[in-house]
Amino acid sequence: MKDVAKEANVATSTVSRVIRNNAKISEATSNKVKAAMSKLGYIPNQAARTLITNKTMTIGLIQKSSTPEIRQNPFNSDVLNGINQACNVRGYSTRMTVSENSRDLYHEVKTMIQSKSADGFILLYSLKDDPIEHLLYEFKVPYLIIGKSLNYENIIHIDNNNIDAAYQLTQYLYHLGHRHILFLQESGHYAVTEDRTVGFKQYCDNVKLSNDCIVIKSMNDLRDCIKQYCIDASHTPSVIITSDAMLNMQLLNVLYEYQLRIPEDVQTATFNTSFLTENATPSQTSVNINPDVLGLTAGNTIIDVLRNETISFREKLISTQIIERVSTTKI
DNA sequence: CGCGGTTTGCGGTCAATGCA
DNA sequence: TGCATTGACCGCAAACCGCG
């Protein structure tokens with residue numbers, strides 16, 4: 001700033017005012033300063049700005065764990081992409097947690113809060129009685145949740161209506177003629193999974209369809225389940241829904257092992273449209289929950305909060321769409 | 001009153017200094 | 001020698017102030 005001021009023949013404060021878009025600077029002076037900045041290639045120093053503003057211009061992103069299963073889920077990277085887009089446009093950067101287990105994660109987040117490494121946080125999951133959310137709440141740090149708000153009143157959260165999305169998907173499959181549907185859900189008691197199960201059951205009850213929901217914890221679970229329901233049973237399901245695309249990928253492998261053809265022998269549908277579902281063999285009918293929009297909305301909203309702008313909602317629901325693909329085509 | 005210069009202090013590190 | 005204290009320093013924002 002000193003160099004720029006010298007180059008433009010003004011005081012450093014004048015340079016500061018031009019950068020901050022402060023009023024009461026004549027256009028002539030402003031232009032003079034901008035010319036000097038561009039001549040010298042000057043970029044403001046964020047570390048120095050943090051010193052005086054006490055703002056890091058960083059958003060902390062908390063993911064439930066940093067295991068490959070979660071990191072490599074396209075849903076995750078799509079959400080992060082949305083968040084980063086919002087942050088990039090509005091001058092913020094992001095910092096994500098890397099811990100793989102909840103104890104480490106707790107300390108990582110605590111350090112981030114206490115060292116003032118971020119101005120606000122986005123929780124990328126929602127969990128009942130989550131110690132990490134308690135931490136954010138106790139320290140009075142601005143945060144919002146992608147998913148349901150389960151622990152405190154009036155916490156801003158960005159979500160899909162997963163009950164409705166599952167209901168719609170089941171209805172869609174019913175209209176295709178399916179009368180025996182198997183629903184496979186991931187383990188872990190996360191709200192999304194539970195809601196998708198609820199929506200599925202609701203529609204089945206409505207039309208008096210018998211239904212089975214199985215919790216899958218491992219690849220062996222999955223093999224046992226398919227053997228039991230699709231090989232050994234007399235009345236096999238005509239379609240299998242998976243609560244997430246990663247589980248869907250594993251299912252495709254198991255069906256291949258048992259030489260069950262999709263869509264001829266059994267059909268499949270899943271939640272979370274992505275590159276994976278588009279390019280699977282065959283391409284998978286899936287529910288697009290628009291993770292990029294979830295991320296973009298979350299990013300923009302937390303920045304609004306940090307800028308003390310009034311937020312008109314506590315809950316924002318992002319729409320979902322069923323994407324029809326080969327896995328549920330009529331034969 | 002518009003404009004812009006002077007000065008201070010943000011939070012932490014590190015070297016110099018003071019004191020027992 | 002070992003410890004505590006002080007002050008310079010980083011780049012910037014803004015309170016404060018003065019000129020015309």
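Scope of the values below: all heavy atoms of this structure, side chains included, with no hydrogens, waters or symmetry mates. Here is how names work: the chains are called A, B, and so on, in the same order as the sequence lines, proteins then strands, and each is numbered from 1.
Axis orientation changes by 60° from one end of the helix from B:dC1-C:dG20 to B:dA20-C:dT1 to the other, with each end axis drawn from 5 pairs and the value rounded to 10°.
Checked against the 6.0 Å centroid criterion, the rings of A:Tyr174 and A:Tyr203 qualify as a close aromatic pair.
The heavy-atom pair separating A:Leu80 from A:Leu124 by the smallest distance is CD2-CD1, 3.9 Å. When every heavy atom of A:Ala8 is checked against every heavy atom of A:Val33, the shortest pair comes out as CB-CA, 4.1 Å. Pairing each heavy atom of A:Thr67 with each of A:Glu100, the nearest pair is CG2-OE1, 4.1 Å.
Using a 4.5 Å heavy-atom threshold, the side chains of A:Cys225 and A:Leu184 count as touching.
Nucleotide B:dG4 holds its P atom 12 Å from the CD atom of A:Glu27, rounded to whole Å. B:dC10 atom C1' lies 12 Å from atom NZ of A:Lys55, rounded to whole Å. In this structure, A:Met37 atom CE and C:dG11 atom P are separated by 17 Å, rounded to whole Å.
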In 5'-to-3' order, the base (B), backbone-only (S) or no-contact (-) status of each nucleotide in nucleotides 12-20 of chain C, using a 4.0 angstrom heavy-atom cut-off, is BBBBB----
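Summarising the local packing, CD of A:Gln114 is surrounded by more than 12 heavy atoms from other residues, nucleotides or ligands at distances under 6.0 Å.
For the side chain to side chain contact (heavy atoms under 4.5 Å, CB included) test with A:Thr270, the passing option among A:Leu252, A:Leu247, A:Asn248 is A:Asn248; the others fail.
Both the sub-6.0 Å distance and the 45° axial angle are not jointly satisfied by A:Lys34 relative to the ring of A:Tyr42.
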